Amino acid sequence: MKIQEIELRIIELPLVRPFRTSFGTQTSRQVLMVKVVNEKGTAGWAECVAMSEPLYSPEYTYACIDLIKRFLIPALKKAGEFKAEDVATILKPYLGGQMAKASLETAILDAQLKDGKVSLASFLGATKSRVECGVSVGIANNLDALAEEVKIYVDEGYRRIKLKIEPGWDIQAVKLIRDIYPEIPLQVDANQAYSRSDGKHLAQLDQFNLLLIEQPLDEHDILGHALLAKEVKTPICLDESIISLQSAQDALALNATTVINIKPGRVGGYFESVKIHDLCVANKIPVWCGGMLETGIGRAANLALAALPGFTLPGDTSASSRYFKQDITTPFVMDDGYITVPNKPGIGVEPDMDFLESITTTKEVIK
Ligand code: OSB
Ligand code: MG
């Protein structure tokens, strides 16, 4: 394909309730939407999962826009004719920027698959037509509020609960939810809030039969996670630390992780995600699909990935209603704890242009 034009648009979507993690509180989701039009006039869509501030990863919305405009689009234009499979190689000289790169690659792939009339799910090797849904639950104002929020999700049918934790909001919060739901699959996510000396403290979580503890330490502290794994029986699952196939290989070789959360944006796209999936399958490492408060555009693509056979744990692939009153696509609805994987060509969904325009804060078209 060849690029005819690329549209970069920032939208602002309010959240149904504040989402608090150890790195901050979000009340709305700022998203960079990427639309790529190829030489045939086919439009492909993707969203860049970077947040408005560099709190979860070094990338943020305006940095991604700058990187895309200043370096990535010129590199693609210079390449002339290429396939989605070539995008990562073309962009490789520019370091980092996985989320920005993933958004371009995915929009290009969406257009390519639409032209070829192939769904992203079947293209990636999906074997499931629906995926099991988990939900990520933010840090609450108090324990009563936490129990109330978790009850909403359990009643809706979510099949796995993930509690966000931080020092001061961990053992008690987990105990409360485990006491109320003795059987529900339960896990925690610290988003790097602990340090190497917290091993004894975190080992108190072992009594609650958790599936895993996600990213307890700094993203760069691979050795620290390996040391922690000797003190804590609960499996450790890296999120922020896994930014590529290479980093996944290293973390596994060093015994720093025994479960992996794959987020396509964090690792640079869906091709890299499938490589990490394949590595984990070969090593019998369970994987699950993480989330970044995606709109229906990003959610659709994540569902396609989560339908691959190695995704044996429920992901943060929740329904649109978990975060948004109104989604920018036809909403993803959960049925009996599952969401159906889109099977139309490409990512399989289109934005509602009227609604998208109404929440757009800036838009520019690059020819
Ligand atoms: O660490 O998994 C995380 C949201 C934003 C940034 C990081 C994370 C999260 C979540 C929610 O936990 C995932 C989702 O439901 O989309
Ligand atoms: Mg996480």
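If you read the sequence from its start, that first residue is 1, and numbering goes on from there. Every value quoted in this text rests on a predicted model; they were computed, and no experiment measured them. Order of listing sets the numbers, starting from 1, for every ligand and every atom in it. What's counted below: heavy atoms across the whole structure, side chains too, no hydrogens, waters or symmetry copies.
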Q. Can you find an N/O atom of D189 closer than 3.5 Å to an N/O atom of ligand 1?
A. yes
Q.
Would M51 count as being in polar contact with ligand 1, using the rule that some N or O on each side must be under 3.5 angstrom apart?
A. no
Which ligand 1 atoms, with their elements, are less than 4.0 angstrom from a heavy-atom of [X]?
X	result
N191	1 (O), 3 (C)
K164	1 (O), 2 (O), 3 (C), 8 (C), 9 (C), 10 (C), 12 (O)
K263	1 (O), 2 (O), 3 (C), 7 (C), 8 (C)
Y56	1 (O), 6 (C), 7 (C)
D239	1 (O), 2 (O), 3 (C)
Y323	11 (C), 13 (C), 14 (C), 15 (O), 16 (O)
K162	2 (O), 3 (C), 12 (O)

If we set the cut-off at 4.0 Å for heavy atoms, which region of [X] has an atom near ligand 1: side chain, backbone, both, or neither?
X	answer
V135	neither
T21	neither
M292	both

Q.
Please say yes or no: joined through hydrophobic side-chain contacts below 4.5 Å, possibly via intermediate residues, are Y153 and I184 part of one cluster?
A. yes
Q) In the single-linkage hydrophobic clustering (I, L, V, M, F, W, Y; side-chain heavy atoms under 4.5 Å), do Y194 and Y56 co-cluster? A) no
Q | Option passing side chain to side chain donor-acceptor pair (under 3.5 Å) with D316 (candidates R322, K162, K263) | A | K162
Q.
Applying side-chain contact (heavy atoms from CB on, under 4.5 Å) to V37 and I6, what does each step give before you reach the verdict?
A. CA-CA 6 Å; V37 181; I6 296 184; over 6 Å; no
Q.
Consider side chain to side chain contact (heavy atoms under 4.5 Å, CB included). Of I68, V36, I3, D86, which one does L76 pass it with?
A. I3
Can you tell me the N, O or S atom of [X] that's nearest the Mg ion (ligand 2)?
X	value
E214	OE2
D239	OD2
D189	OD2

Q | Heavy-atom gap E240 to ligand 1 smaller than 4.0 Å | A | no
**Q.** Close approach of E214 to ligand 1, heavy atoms, under 4.0 angstrom
**A.** yes
Q. Under the salt bridge (Lys or Arg N to Asp or Glu O under 4.0 Å) criterion, do E357 and R9 qualify, and how do the steps go?
A. CA-CA 9 Å; E357 290 292 347; R9 167 200 300 263; 3.3 Å; yes
(Q) Looking at R29 and E294, is there a salt bridge between them, counting it only when a charged N and a carboxylate O are closer than 4.0 Å? (A) no
(Q) Can you tell me if Y60 has over 12 outside heavy atoms packed within less than 6.0 Å of its OH? (A) no
(Q) Heavy-atom count check: over 12 atoms from other residues, nucleotides or ligands less than 6.0 Å from K77 NZ? (A) yes
